[in-house]
Structure formats: structure tokens, C-alpha cells
Amino acid sequence: MNPQYIVVLAIAIIMGWFAFGVIYNLRRGDALLKWMQDGLPDIGQKTTFRWLGTSVAELVIAHAKKPFRRLETLAVLKPRDVFWMTIAAYFQGRDDIVIFRAQLSTAPPVDLELGDSKTWSGRNALNQVRERKWESKTYHSLQFMAPMGLLDLATTTLDRLALPMQKLSSRYARFSLRRGEPNLELHVPFPDYRTLDAKLYFETLRELARSISERD
């Protein structure tokens with residue numbers, strides 16, 4: 001076979017894959033963002049938006065309603081536009097996720113980290129706190145960590161949040177609380193925006209944030 005023909009064919013395949021990946025991600029991301037427009041005004045009236053490349057869309061509400069003070073929402077899609085990165089994402093357990101980073105009107109009572117070590121974002125978060133020598137245990141098949149001496153308090157806090165957490169999502173790659181900023185960080189799968197009501201979804205997020213801010 002002519003080497004020149006092989007090179008042309010390879011370039012055509014790479015470019016075709018790139019075009020398909022970009023279009024797919026933009027369409028999927030756009031569908032999610034349009035769905036969110038019905039629910040985000042309940043968090044705050046003014047939202048800034050931008051695409052960070054072809055795989056991440058960012059929405060920021062700088063002045064949010066209580067129990068929030070600020071909410072950043074990231075729609076993070078698999079890097080489908082680059083062939084080898086798509087393959088790497090598969091082996092890393094990387095999927096399309098929504099990331100919520102929030103500053104709350106009242107900070108949580110304790111730092112804690114709950115993560116799924118089978119996912120890329122959960123694994124990275126757990127590795128970071130493991131370097132701080134946090135205590136750890138298994139919690140409902142996920143890895144749970146808290147600062148030394150605070151694991152019992154963190155467990156009690158997480159138990160109290162179990163119901164609103166389950167209402168928001170049945171799966172978490174990462175659930176993080178910090179007394180510093182951001183007070184709350186969630187990594188969850190894309191919601192089923194074809195059937196789920198956006199207002200209900202974001203009200204459930206507000207309910208979770210209110211529960212975090214409550215004191216026993």
C-alpha cells in the first residue's frame with residue numbers, strides 16, 4: 001500500500017474523529033445548559049457563562065440566594081474530540097459529570113471527603129487528602145476521609161445529609177465539605193435532562209445546601 005495513501009487516510013480519520021467529538025460534546029453540553037436555564041434563576045438571577053474549550057462549560061452565579069452565597073457549575077464532558085484521550089478517559093473511569101462548587105451562607109461544621117476511587121475526579125480528590133494524613137474508612141462502598149480526630153463528627157454529618165444527597169443523585173464521584181472555600185463541592189453524573197424537571201433538581205440542590213448549613 002502506498003505510504004502516502006496511508007498518511008492521508010490516517011489524517012482523514014483523525015480529523016473526522018475530532019469533528020464528530022466536538023459536535024457531539026457541544027450538542028450534549030448545549031442541551032444540558034438549556035435545561036438548566038429553567039432551574040438556575042431559583043439559585044440567583046444573574047448567571048455568567050463561557051465554554052472552556054470543547055469539553056467544559058462554566059456557569060457562575062456570583063451573588064446567589066441563601067443558603068448559597070456563590071455557585072459555580074461546570075459541565076465536564078469526556079474529551080471525545082481526541083482519539084487517544086477518549087481511550088485514556090475510558091480506562092480512567094472518566095464520564096460526563098456536573099461539578100458544583102458553592103460558597104454557603106453558613107460554613108459546614110467539619111471538613112470531609114467522600115469519593116469513588118473508580119472515577120478520575122474522586123480518585124484525585126482522595127489522593128490529595130491522603131497526603132494530609134486524613135483518617136479514612138469505607139462508607140457505602142465509597143472511600144470516606146476526614147482530618148485526624150474528626151472522623152466520627154464527619155460520619156454523623158454525612159449520615160444527616162444522606163436523604164437530600166440521595167434525592168439529588170444516586171451516584172457521587174465526589175462529595176466534599178470544607179470550612180474554607182469552597183464550602184461544598186459535588187461531582188455527579190449528568191442529570192437526565194430529557195425527563196427530569198430542572199426546577200425540582202435545583203430545589204433539591206438548595207435543600208442539600210440548607211441541610212449542610214443546619215446545626216443540630
Side-chain angles (χ1 to χ4, degrees), residues 21 25 28-29 32 52-53 55-58 71-104 107-193 196 201 204-205 208-209 211-212:
N25 271 4
R28 181 162 165 79
L32 177 70
L52 307 177
S55 299
V56 181
E58 179 191 62
L71 178 66
E72 299 176 13
T73 303
L74 298 174
V76 183
L77 299 110
K78 288 193 291 188
R80 296 180 174 91
D81 50 346
V82 181
F83 174 77
W84 52 88
M85 291 183 67
T86 304
I87 299 300
Y90 173 81
F91 286 105
Q92 291 170 354
R94 184 170 179 173
D95 207 347
D96 297 339
I97 62 171
V98 176
I99 296 176
F100 294 110
R101 293 191 183 114
Q103 297 172 21
L104 305 178
V110 66
D111 292 0
L112 64 83
E113 193 74 52
L114 180 70
D116 183 351
S117 59
K118 296 178 182 177
T119 66
W120 65 278
S121 63
R123 185 165 53 248
N124 289 343
L126 292 170
N127 287 339
Q128 289 175 8
V129 296
R130 191 172 287 115
E131 293 177 356
R132 303 178 195 174
K133 308 301 182 183
W134 282 20
E135 293 183 274
S136 67
K137 70 176 185 178
T138 301
Y139 187 93
H140 297 305
S141 77
L142 299 179
Q143 190 68 29
F144 181 48
M145 304 186 73
M148 283 289 183
L150 296 175
L151 191 60
D152 289 343
L153 174 60
T155 302
T156 301
T157 301
L158 199 59
D159 288 342
R160 180 169 55 81
L161 300 174
L163 181 57
M165 286 176 63
Q166 182 64 29
K167 288 174 65 176
L168 181 68
S169 178
S170 60
R171 291 175 50 222
Y172 285 83
R174 180 184 183 188
F175 181 92
S176 174
L177 295 182
R178 295 290 187 275
R179 286 172 293 178
E181 296 180 354
N183 301 134
L184 170 66
E185 182 161 346
L186 307 178
H187 296 199
V188 294
F190 269 30
D192 187 358
Y193 50 80
L196 187 62
Y201 184 80
T204 304
L205 179 63
L208 174 58
S211 298
I212 292 169

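For the single chain, residues carry numbers from 1 onward in sequence order. What you see below is based on every heavy atom in this structure, not just the backbone, and it leaves out hydrogens, waters and symmetry mates.
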Do any N or O atoms from the side chain of [X] and from the backbone of [Y] form a donor-acceptor pair under 3.5 angstrom?
| X | Y | result |
| --- | --- | --- |
| Asp116 | Tyr172 | no |
| Arg178 | Leu112 | yes |
| Glu135 | Gly149 | yes |
| Arg160 | Ser211 | yes |

List the atom of [X], the atom of [Y], and the distance in Å for their closest heavy-atom pair.
| X | Y | answer |
| --- | --- | --- |
| Phe144 | Leu114 | CB-CD1, 4.0 Å |
| Gly122 | Thr119 | N-OG1, 3.2 Å |
| Val98 | Thr73 | CG1-CG2, 3.9 Å |
| Ala209 | Leu104 | CB-CD2, 4.0 Å |
| Val110 | Ala154 | CG1-CA, 3.9 Å |
| Pro147 | Asp111 | CD-O, 3.3 Å |

Evaluate side-chain hydrogen bond (donor to acceptor under 3.5 Å, both in side chains) for Tyr139 paired with Asp159, printing each intermediate quantity in order. CA-CA 10 Å; Tyr139 187 93; Asp159 288 342; 2.5 Å; yes
Exercise for the section: Check the pair Phe175 / Leu158 against side-chain contact (heavy atoms from CB on, under 4.5 Å), numbers first and verdict last. Expected result: CA-CA 10 Å; Phe175 181 92; Leu158 199 59; 3.8 Å; yes
Under 3.5 Å side-chain donor-acceptor pair for Arg130 and Asn127: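 On atom types as modelled, these side chains qualify, holding a pair under 3.5 Å.
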To the nearest 0.5 Å, how far apart are [atom1] in [X] and [atom2] in [Y]?
| X | Y | atom1 | atom2 | value |
| --- | --- | --- | --- | --- |
| Leu142 | Lys118 | CG | NZ | 9.5 Å |
| Glu58 | Ile99 | CD | CD1 | 11.0 Å |
| Ser176 | Asn183 | OG | CG | 10.0 Å |
| Lys137 | Gln143 | NZ | CD | 11.0 Å |
| Leu151 | Thr155 | CG | OG1 | 4.5 Å |
| Asp192 | Leu32 | CG | CG | 11.0 Å |

Decide yes or no for [X] and [Y]: does some side-chain heavy atom of the first lie under 4.5 Å from some side-chain heavy atom of the second?
| X | Y | value |
| --- | --- | --- |
| Ile97 | Ser121 | yes |
| Leu208 | Ile212 | yes |
| Glu113 | Arg174 | yes |
| Leu177 | Leu184 | yes |
| Gln128 | Trp134 | no |
| Asp95 | Phe190 | no |

Between Phe100 and Leu74, is a side-chain contact (heavy atoms from CB on, under 4.5 Å) present by the stated rule, with each step listed? CA-CA 7 Å; Phe100 294 110; Leu74 298 174; over 6 Å; no
Test log, rule salt bridge (charged side-chain N to carboxylate O under 4.0 Å, His left out), inputs Asp96 and Lys78
CA-CA 6 Å; Asp96 297 339; Lys78 288 193 291 188; 5.9 Å; no
